[in-house]
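As the structure lists them, so they are numbered: ligands from 1, and atoms in each ligand from 1.
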Amino acid sequence: MNCNIVRKILVAGSLLIFTSATAQDSNRWTSTEQREMFAAKVKGYEDCKQCHKFSVQSWEKTKHYKSLESLNLDQDGSASAIMQAMELTGSPVSQASCAQCHFTDKTSDSINQFTNKKFGPVSGVSCESCHGPASDWLELHNKKDLNEIKEKFSTLKTDKQKSEYLKNVHLKSVNDKVPGDFSAWRNKMTEKSGMIRPDMTYKLINNCYECHTIGNKDLINKTAELDNPHAAGSEFEIVSWLSGEVRHNFQGTDPDNPVNKKMSIEEKRYLYVSGKILFTEHALKALSLAEFPKNEDDEPSRFYDEMKSRVEIGLSEIIEINEILESAVPELKVLSENITPVTEKIGEDLLKKADLSTSNFSGKTLVGYLKIMNREFLKNRHNHAALSKLDETLNDLEPQGNSYK
Ligand code: HEC
Ligand code: HEC
Ligand code: HEC
Ligand code: HEC
């Protein structure tokens with residue numbers, strides 16, 4: 001076939017993935033085209049430092065920040081062993097299959113030292129890996145009202161600066177009115193431009209599971225025989241993993257004496273439950289990519305085993321939460337009833353690949369159903385007094401790593 005045609009089909013295919021990925025709340029790219037689109041919108045953490053000094057300082061102490069250096073230096077040789085098992089050459093930092101979870105790419109005028117292209121990794125997992133690439137929302141996200149926009153506009157000299165600025169604050173002219181409340185409009189516009197704000201709970205923490213569940217089959221299977229195989233996923237629990245080294249809640253505190261605020265118990269309850277459902281959603285998504293054993297003698301792959309066990313853990317934890325809550329939270333009660341047969345099937349080793357693609361759950365696949373029920377649960381967050389029965393469990397959770405300040 002003509003190369004151009006093949007290319008066009010590939011591009012069309014990846015655009016399709018992109019649209020559906022956005023609809024599915026994904027902040028991760030899966031093709032080269034998407035990767036470049038993301039990289040072109042990344043500003044880089046230096047652009048946040050001026051106003052979020054303590055967030056940046058605390059982030060610089062995390063494994064997220066250090067990930068670029070640690071894979072590049074590879075002091076224990078584990079990254080190069082993984083590369084070799086994957087039959088990849090060069091630095092892991094030059095590899096798309098590692099960049100997706102370990103680094104942040106950015107486009108620049110000069111050649112990137114790792115990729116030899118005009119885009120490539122510039123830092124580890126960064127602000128924009130979680131809050132979304134910032135070029136289309138940065139200028140608007142911090143504005144309090146239209147006057148603040150007008151004031152800044154009046155300091156601009158050239159027409160080019162002015163039109164660029166108007167584009168960045170999503171206005172046609174500086175005398176534009178905005179419909180209704182300014183901050184509601186602002187939040188809507190920044191969300192449309194890819195910003196993931198702290199109150200967008202599902203989308204924000206969905207990010208974590210996209211990287212901390214390793215849905216890359218080859219990465220798990222091909223490294224299975226190594227002394228240090230690549231993790232199939234983290235033992236990720238959102239309250240612990242967000243309360244330790246990742247915590248950076250400095251907003252609204254004294255800039256001379258900043259306090260990194262702890263999560264309230266109410267917040268912990270919601271995150272804990274929502275996180276368990278997300279854990280299961282992502283494990284199921286990964287399991288649906290696995291090769292299922294065809295008969296009893298068929299040796300299951302590491303990927304299949306790992307993902308099946310994550311699904312089993314996830315489903316039974318949701319059921320257990322519902323038991324602790326004595327079925328008092330409607331969304332969890334229904335969810336629990338509907339997933340119990342699946343859990344039994346897995347326990348008896350009867351789960352088939354087809355079970356994951358059939359739309360038996362209120363017309364949805366199990367993955368889609370978990371997502372909907374999770375969102376529903378979060379939407380009703382003020383109606384769930386019963387969740388306090390989780391407090392004993394929550395108070396026993398240890399933060400993952402040390403927090404800053
Ligand atoms: C010029 C100052 C400034 C810069 C630069 C800046 N921010 Fe902000 N940011 C703010 C202010 C002020 C707020 C509080 C806005 C509000 O909600 O009224 C804020 C709020 C936020 C919030 C929380 C929003 C919410 O709903 O609570 C996030 C997340 C954020 N910024 C991320 C970033 C990231 C990431 C960067 C760099 C790419 C960045 N900011 C650069 C000033 C800035
Ligand atoms: C789907 C996301 C994902 C992809 C793709 C991925 N990793 Fe990882 N990697 C992780 C996560 C998450 C951890 C931390 C796991 C844990 O909690 O123990 C990790 C840990 C590691 C570690 C151990 C920690 C360290 O920094 O020394 C190495 C080495 C590593 N990855 C190498 C690679 C290499 C090489 C590639 C590309 C071939 C790659 N990874 C691709 C998500 C990913
Ligand atoms: C873009 C991918 C990505 C996203 C998004 C992401 N992580 Fe990570 N995270 C990683 C990788 C990769 C590592 C391992 C880095 C290493 O060890 O070199 C890691 C490590 C960590 C660690 C350190 C674990 C340890 O070994 O002590 C914590 C804690 C953590 N992540 C929490 C979170 C939380 C909470 C979220 C969501 C709010 C999140 N991560 C989102 C990729 C990601
Ligand atoms: C691993 C994902 C992750 C990374 C990396 C990350 N954030 Fe956040 N950020 C979050 C989450 C999750 C919250 C909400 C925390 C909560 O509600 O307890 C948050 C909250 C915030 C807030 C609001 C804090 C408050 O006090 O209300 C700001 C501002 C912010 N982030 C800015 C940044 C900046 C700047 C960086 C880079 C230096 C960054 N974030 C890196 C996940 C991340």
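There is no protein heavy atom less than 4.0 angstrom from atom 24 (C) of ligand 2. Protein heavy atoms are absent from the space less than 4.0 angstrom from atom 13 (C) of ligand 2.
Scanning all protein heavy atoms for the shortest distance to atom 28 (C) of ligand 1 gives M195 CE, 3.6 Å. Of the protein's heavy atoms, L138 CD1, 3.3 Å lies nearest to atom 41 (C) of ligand 1. In terms of protein heavy-atom proximity, atom 36 (C) of ligand 1 is closest to C48 SG, 2.8 Å. The protein non-hydrogen atom at the shortest distance from atom 4 (C) of ligand 4 is C130 SG, 3.4 Å. The protein heavy-atom contact nearest to atom 5 (C) of ligand 1 is D47 O, 3.1 Å. Here the protein heavy atom with the shortest distance to atom 27 (O) of ligand 1 is Q251 OE1, 3.6 Å. For atom 43 (C) of ligand 1, the nearest non-hydrogen atom of the protein is C51 CB, 3.3 Å.
For the ligand labelled ligand 1, residue W137 lies inside the 4.0 Å heavy-atom shell. Under a 4.0 Å heavy-atom criterion, H102 is in contact with ligand 2.
Residue-environment remark: CG (D109) stays at or below the threshold of 12 foreign heavy atoms within 6.0 Å.
By the criterion of a heavy-atom distance under 4.0 Å, neither the backbone nor the side chain of D74 is placed next to ligand 2.
Taking the six-membered ring for Trp and thresholds of 30 and 60 degrees, H141 and H52 have ring planes inclined between 30 and 60 degrees apart. Below 30°, between 30° and 60°, or above 60°: for F250 and F54 the angle between ring planes is between 30° and 60°, a tilted geometry.
Checked by distance only, ligand 1 and H52 come closer than 3.5 Å through their nitrogen or oxygen atoms. Residue contacts with ligand 1: K43 is placed with no nitrogen or oxygen under 3.5 Å of a nitrogen or oxygen of the ligand (distance criterion only).
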